[in-house]
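Below is one structure, written out as structure tokens; the observations come after it.
In listed order, ligands and their atoms are each counted from 1.
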Amino acid sequence: MKMIEKIDHIGIAVKDLNETLKIYTEILGLKSAGEETVAEQKVRVAFIPVGESEIELLESTEPDGTIAKFIEKNGEGIQHIAFRVDNIEKTLEDLKSKGVRLIDEKPRNGAGGAKIAFIHPKATKGVLIELCERT
Ligand code: ZN
């Protein structure tokens, strides 16, 4: 059974979204596909397509948000890797049956109308993995 299709995006925690966007657009010559605030996750995000995948820049909208806490602890940088899956519920069931520790037992709403869920980094040697289903 194929569950993971490709790297959907790489999530990067940043302090200043506008300033960071300039690096990707003006210096690296990429184009932003748009910005969005995801209130549920206390983030403002910008997606920058790179071939088949995207870079997701995440800026915290609240001082107690996950991204703010991440930056406090680790500084700015890569925060998660997102894998595209065709059926997130099925993938979560499969991981649960394998005893994998999850942050999200059920999918929640991500940017761009995606359904997302995170695997606990303790289960993946320190890498925060997001599962992402897009319709
Ligand atoms: Zn993400």
Side-chain angles (χ1 to χ4, degrees):
M1 182 176 70
K2 192 183 78 166
M3 297 195 305
I4 294 170
E5 298 177 335
K6 64 171 189 171
I7 293 179
D8 186 87
H9 63 270
I10 295 171
I12 300 176
V14 305
K15 284 182 189 165
D16 186 323
L17 188 63
N18 295 332
E19 193 187 300
T20 311
L21 260 174
K22 281 187 194 161
I23 298 170
Y24 287 86
T25 56
E26 290 173 18
I27 296 174
L28 296 175
L30 296 164
K31 284 196 172 66
S32 171
E35 289 166 36
E36 186 183 336
T37 297
V38 186
E40 196 184 325
Q41 291 177 54
K42 300 176 181 172
V43 287
R44 195 159 75 92
V45 303
F47 278 100
I48 303 157
V50 185
E52 285 234 310
S53 302
E54 292 182 318
I55 297 290
E56 178 187 45
L57 301 177
L58 303 120
E59 176 195 81
S60 193
T61 54
E62 308 283 340
D64 67 337
T66 309
I67 294 302
K69 285 186 202 154
F70 176 89
I71 291 173
E72 215 169 276
K73 203 173 156 195
N74 308 287
E76 294 177 289
I78 294 177
Q79 195 252 352
H80 67 271
I81 293 177
F83 290 131
R84 172 85 62 93
V85 296
D86 61 349
N87 185 327
I88 197 164
E89 277 91 0
K90 227 192 226 177
T91 305
L92 287 172
E93 282 312 313
D94 180 75
L95 293 173
K96 269 185 243 173
S97 76
K98 290 171 178 164
V100 176
R101 191 167 161 195
L102 303 170
I103 291 176
D104 301 301
E105 299 271 320
K106 288 198 176 103
R108 51 180 153 131
N109 298 320
K115 287 200 274 182
I116 66 165
F118 287 94
I119 301 174
H120 200 287
K122 286 233 160 81
T124 51
K125 301 287 183 194
V127 177
L128 179 59
I129 292 176
E130 173 188 331
L131 303 168
C132 174
E133 179 190 325
R134 295 180 191 275
T135 46

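What you find for Leu30 and Pro49 is that their closest heavy atoms are CD2-O, 4.0 Å.
Paired with Glu130 under the rule side chain to side chain donor-acceptor pair (under 3.5 Å), one option of Gln79, His9, Arg84 passes, and it is His9. With Asp94 as reference, Lys98 is the one residue of Lys98, Lys96, Lys90 to meet the salt bridge (charged side-chain N to carboxylate O under 4.0 Å, His left out) rule.
Ser53 contributes a side-chain N or O that, together with a main-chain N or O of Ile7, makes up a donor-acceptor pair within less than 3.5 Å. A side-chain donor-acceptor contact under 3.5 Å links Glu133 to the backbone of Ile88.
Every pair passing side chain to side chain donor-acceptor pair (under 3.5 Å) that includes a residue from residues 62-74 is listed here, sequence neighbours excluded: Lys42-Asp64.
Around the Zn ion (ligand 1), the protein N, O or S atoms found under 2.8 Å comprise His9 NE2, Glu56 OE1, His80 NE2, Glu130 OE1.
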